[in-house]
Asks: 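What follows is a single structure, and I will ask about it in a moment.
Order of listing sets the numbers, starting from 1, for every ligand and every atom in it. All residue numbers refer to positions in the sequence shown, counting from 1. Since the model is a prediction, treat every value here as computed from it, not as a measurement.
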Amino acid sequence: MRYISTRGTAPELNFEEAMLSGLARDGGLYLPKCVPTFNKKTILELRGRSYEEIAYTVMEPFVRDAFSKEEFQEIINKSYSSFRHKARAPIKRLSEKQFLLELFHGPTLAFKDFAMQLIGQLFRVSLAKSDRRITIIGATSGDTGSAAIEAFKGLKEVDVFIFFPKGRVSEVQRRQMSTPSENNVHAISIDGDFDDCQKIVKDLFSDLAFRDKVNLSGVNSINWARIMAQIVYYFSSFLAIDSDFKDVSYTVPTGNFGDIFAGYMAKEMGLPISKLYIATNQNDILHNALINGHYIRTEVKPSISPSMDIQVSSNFERAVYYALNKDTIKVCKFFEDFNNNGNCEIQKSAYTNLLKYYSSGSVSETQTAKTIMKTRKKFKLDVCPHTAIGLKVAEDNIGKETMITLATAHPGKFSAAFKNATGEQPESLNYLLGLFDKNERITELKLDLEIIKKIILERI
Ligand SMILES: *Cc1c(COP(=O)(O)O)cnc(C)c1O
């Protein structure tokens with residue numbers, strides 16, 4: 001499989017190169033040159049198979065010619081062996097038409113583990129072959145950072161630098177990043193918000209000399225390999241509910257648009273997905289874009305669902321690329337305008353295309369808290385604030401088809417917000433307790449690119 005950039009001028013790459021480089025050199029994002037498709041029969045033949053077997057079938061066309069069959073099977077098996085649930089992504093029925101897909105049974109209790117554990121194994125195998133050392137950087141609103149650190153800690157070919165907004169991640173998220181003692185792990189708190197952290201990553205990648213000097217690599221959801229890993233649970237969840245190949249819809253709590261874009265890919269690959277519902281918190285730039293066709297940046301407002309406190313969703317570029325019928329010149333123009341003015345109108349035909357696939361809802365802080373409470377009472381189920389946002393949007397949109405909502409994190413990861421909403425502690429895990437006994441190691445930095453570069457050069 002070959003990979004091309006949404007902006008059209010970066011070189012075409014194979015899977016391994018696209019994965020190791022992260023962001024394309026022209027500022028765009030990599031996508032497969034053609035999307036593999038499965039017919040109904042092939043999809044239904046996967047029924048009853050293990051998560052790992054489904055993962056192999058769904059992802060194999062994307063990595064073909066990078067890994068042998070045995071290599072890739074072993075990579076997948078290792079990736080999910082640390083998950084606490086045999087099904088990896090179990091699905092719960094809430095009511096006749098409503099399901100919850102639990103994606104928080106991985107080592108750091110959020111869905112990011114599905115992609116990050118796989119990426120860790122893919123990098124390990126690739127780098128061992130090439131004898132290369134790389135520097136991984138990532139911006140995080142909390143969960144990506146902990147998942148990346150968990151996946152790469154101790155790997156000798158890699159240094160991992162994670163930038164997170166100071167004071168804006170939950171205590172568990174912070175401790176997951178700051179307590180690993182391996183010295184290839186660097187947790188860096190930045191005086192700013194998530195968009196600032198994301199901008200640091202983009203700016204470091206745009207400095208091509210620095211990029212080459214330290215062999216920069218990124219594992220944010222801009223990395224195609226992460227999207228690829230997330231496609232799998234759309235297939236596994238569809239297969240787990242008995243639907244006779246009838247249409248289903250998904251509601252996806254959304255920040256950087258990675259998880260929901262994986263749903264778009266699953267649909268393109270042949271899953272009968274009717275609509276993908278974008279569920280946002282009060283940072284609702286995507287919801288507004290879908291309502292009125294204007295993509296307008298505003299300030300990030302901190303919320304009780306911090307992993308979604310994002311205004312500029314990097315993966316939205318991938319959706320826009322397809323909505324603009326792969327016209328890379330128009331994609332460049334759109335994002336240049338947006339970068340310069342923070343405001344652009346989505347071209348009519350592209351807007352119509354987006355509405356064919358996506359719909360949306362935005363949930364206030366009060367409604368989020370109410371939904372946590374209501375879910376506890378009605379379904380005897382504890383959910384994290386992000387999941388609650390998904391459930392609220394799903395409830396507002398439930399119609400005649402089956403609706404699957406993605407449960408993106410374990411409630412214990414956001415216990416303060418949960419306690420505020422319900423007056424009680426969420427269901428806890430022993431694992432969480434261990435985090436509070438360990439020493440933390442954090443480097444605090446100002447939003448200054450030169451200082452950040454200096455620190456990276458000193459540490460690697
Ligand atoms: C990252 C994250 C999201 C948002 O996912 P995107 O792929 O960035 O849209 C939602 N919920 C939780 C718990 C997360 O960690």
Asks: In terms of residue, atom name and distance, what is the protein heavy atom nearest to atom 8 (O) of ligand 1?
Replies: N256 N, 2.7 Å

Asks: Within the 4.5 Å heavy-atom criterion, are Y357 and Y322 side-chain neighbours or not?
Replies: no

Asks: Check each atom of ligand 1 against the heavy atoms of P253 and keep those under 4.0 Å away; list them by number with element.
Replies: 4 (C), 10 (C)

Asks: Under 3.5 Å, is there a donor-acceptor pair between the E53 and S50 side chains?
Replies: yes

Asks: I'd like to check whether D143 has a polar contact with ligand 1, where a contact means an N/O of the residue lying under 3.5 Å from an N/O of the ligand.
Replies: yes

Asks: Under the side chain to side chain donor-acceptor pair (under 3.5 Å) rule, what do T179 and E440 come out as? Steps first, then yes or no, please.
Replies: CA-CA 5 Å; T179 56; E440 291 194 77; over 6 Å; no

Asks: Determine, for F338 and R297, whether the Lys NZ or Arg CZ falls below 6.0 Å from the six-membered ring centre while staying within 45 degrees of the axis.
Replies: yes

Asks: Nearest 0.5 Å, what's the CG-CZ distance between D309 and R168?
Replies: 7.5 Å

Asks: Contact between ligand 1 and F261 is defined here as a heavy atom of the residue under 4.0 Å from a ligand atom; is it met?
Replies: no

Asks: How long is the span from the CD atom in E444 to the CD1 atom in I190, to the nearest 0.5 Å?
Replies: 10.0 Å

Asks: Which residue and non-hydrogen atom of the protein lie closest to atom 14 (C) of ligand 1, and at what distance in Å?
Replies: K112 NZ, 2.9 Å

Asks: Does a side-chain heavy-atom distance below 4.5 Å link I278 with F257?
Replies: yes

Asks: What residue among Y51, F114, F104 forms ring pair (Phe, Tyr, Trp, His ring centres under 6.0 Å) with Y233?
Replies: F114

Asks: Give me the nearest non-hydrogen protein atom to atom 4 (C) of ligand 1 as residue plus atom name, then the distance to 0.1 Å.
Replies: G255 N, 3.5 Å

Asks: Relative to ligand 1, is F257 under 4.0 angstrom through side chain, backbone, both or neither, heavy atoms considered?
Replies: backbone

Asks: So, regarding I310 and ligand 1 (criterion: nitrogen or oxygen to nitrogen or oxygen, under 3.5 Å), is there a contact or not?
Replies: no

Asks: Please could you name the atoms of ligand 1 that G258 approaches to less than 4.0 Å, counting only its heavy atoms?
Replies: 6 (P), 7 (O), 9 (O)

Asks: Within the structure, is a non-hydrogen atom of I260 found at a distance of less than 4.0 Å from ligand 1?
Replies: no

Asks: What are the atoms of ligand 1, with element, lying closer than 4.0 Å to any heavy atom of T254?
Replies: 9 (O)

Asks: Mind checking what makes side-chain contact (heavy atoms from CB on, under 4.5 Å) contact with Y351, not counting sequence neighbours?
Replies: I346, L355

Asks: Just need the protein heavy atom nearest to atom 5 (O) of ligand 1, so name the residue and atom and give the distance.
Replies: F111 CZ, 3.4 Å

Asks: With nothing but distance in play, are any N or O atoms of T408 less than 3.5 Å from an N or O of ligand 1?
Replies: yes

Asks: In ligand 1, which numbered atoms sit nearer than 4.0 Å to a non-hydrogen atom of A409?
Replies: 13 (C)

Asks: Considering non-hydrogen atoms of the protein only, which is the closest contact for atom 7 (O) of ligand 1, and what is the distance?
Replies: D259 N, 2.9 Å

Asks: Taking atom CD1 of I137 and atom CD1 of I162, what is their separation to the nearest 0.5 Å?
Replies: 9.0 Å

